[in-house]
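Step one of this worksheet: look at the structure below.
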Amino acid sequence: MSITAEHGNVIMAKAAPSPKYLPLNDRLYSYLCAQRSHASDPVLDALRKETEALGDPARMQISREQGTLMTLLVAAIGAKTAIEVGTFTGYSSVCIARGLPEGGRLICIDESVEWTSIARKHWAQAGVQNKIDLRLGSAVPLLQTLESNLVFDFAFIDADKTEYDAYYESILPRLKPNGLMLFDNMLWGGGLGAAAIDHPSGRAIDALNRKLAQDTRVETVLLPIADGIQLCRKRG
Ligand SMILES: C[S@@+](CC[C@H](N)C(=O)[O-])C[C@H]1O[C@@H](n2cnc3c(N)ncnc32)[C@H](O)[C@@H]1O
C-alpha cells in the first residue's frame with residue numbers, strides 16, 4: 001500500500017490489487033506434485049524413467065500433475081469412450097485409461113512405431129492394455145476415416161500443433177454433449193500474448209486459443225498447468 005501527502009494531509013492510497021495468479025518455482029512445483037493422489041506411482045515412475053533415457057524427446061511427455069488431472073476428469077464425467085491424438089511413450093494414455101471403467105475404450109493415435117512400442121509395454125504393466133486401441137499413422141487422415149459410429153466422452157490433443165484445429169474440427173462432431181476436449185501446450189512455452197509470434201506452431205496455437213474463446217459450440221478455459229491446457233466442454 002502506498003501513502004501520499006495531499007494539501008498537508010496524509011492520504012492512504014488504495015493497495016494495488018494483488019495478481020490472481022502465482023508464479024511457480026521449483027519448491028512450489030515439488031510441493032504440488034507431492035500433494036496429489038497416487039503421487040508415488042511405480043508404473044508411471046518407470047515410464048517416466050524409460051522416457052527420460054530417450055534424451056531430448058522426453059520433453060514431449062506430459063507432466064505428472066497433468067496426468068492426475070486427466071485421470072480425475074475422465075472419472076468425474078463418467079467417460080466410457082475417449083480418444084487421444086499424440087501418444088508418444090504412453091504417459092497420458094495410461095492416465096486417461098485409468099479413469100475409464102472396465103470395458104471403457106481409448107483410441108490412441110500416433111505415427112511413431114518406436115515410441116508407441118514403449119507405450120504398449122507400460123499399458124500392459126498398468127493393466128490397461130485391454131482398454132486401448134492404438135491406431136498408427138498420420139493423425140488427420142486417421143481421424144477423417146474413423147468408423148462412423150464412434151463417439152467420445154473425452155478427447156486429449158497433443159500431436160502436431162499446426163494441426164490442432166483440424167483435430168478439433170474432426171473430433172468435435174463426435175464429442176458427446178458435455179464431453180471434454182483438452183489441448184496440451186496452449187501457453188506455448190510462455191510465448192503467447194506478445195505482439196508477434198515467430199513460429200508456425202505458436203501462431204497456430206494462438207489462433208486456436210482465440211477461436212475457442214469465441215466458439216459458441218464449446219465452453220472453454222485456459223488452465224496454467226504445465227505448458228497450458230485448454231479445457232473445453234461441448235455445449236449440450
Ligand atoms: C507431445 S508428444 C505426445 C506426448 C504424450 N501425450 C505423453 O503423454 O507422453 C507428440 C506425439 O505426437 C506424435 N505426432 C506428431 N505429429 C503427428 C501426426 N501428424 N500424426 C500422428 N502422430 C503425430 C509424435 O509421434 C509424438 O509421439
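One-based numbering, in listed order, for ligands and for the atoms of each.
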Measuring from each atom of ligand 1, which residues have a heavy atom under 4.0 Å away?
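If the criterion is a heavy atom under 4.0 Å, then ligand 1 touches Met60, Gln61, Ile62, Gly86, Thr87, Phe88, Tyr91, Ser92, Asp110, Glu111, Ser112, Trp115, Gly137, Ser138, Ala139, Phe156, Asp158, Ala159, Asp160, Glu163, Tyr167.
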
Please examine the side chains of [Y] and [X], heavy atoms only from C-beta on, and report whether any two atoms are closer than 4.5 Å.
X: Trp188; Y: Asp206; value: no
X: Leu106; Y: Ser93; value: yes
X: Phe183; Y: Tyr168; value: yes

Please list all pairs meeting salt bridge (charged side-chain N to carboxylate O under 4.0 Å, His left out) that have one or both residues in residues 226-236, counting only residues at least two apart or in different chains.
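Only Glu219-Arg233 qualify under salt bridge (charged side-chain N to carboxylate O under 4.0 Å, His left out).
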
Enumerate, atom names and distances included, each donor-acceptor pair closer than 3.5 Å involving a side-chain atom of residues 17-26, sequence neighbours excluded.
residue : atom : partner : partner atom : Å
Asn25   : OD1  : Arg27   : N            : 3.2
Asn25   : OD1  : Leu28   : N            : 2.8

Give the table of side-chain donor-acceptor pairs shorter than 3.5 Å for residues 139-151, with sequence neighbours excluded, one pair per line with atom names and distance.
residue : atom : partner : partner atom : Å
Thr145  : OG1  : Pro141  : O            : 2.8
Thr145  : OG1  : Leu142  : O            : 3.4
Glu147  : OE1  : Arg135  : NH1          : 3.1
Glu147  : OE2  : Arg135  : NH2          : 3.0

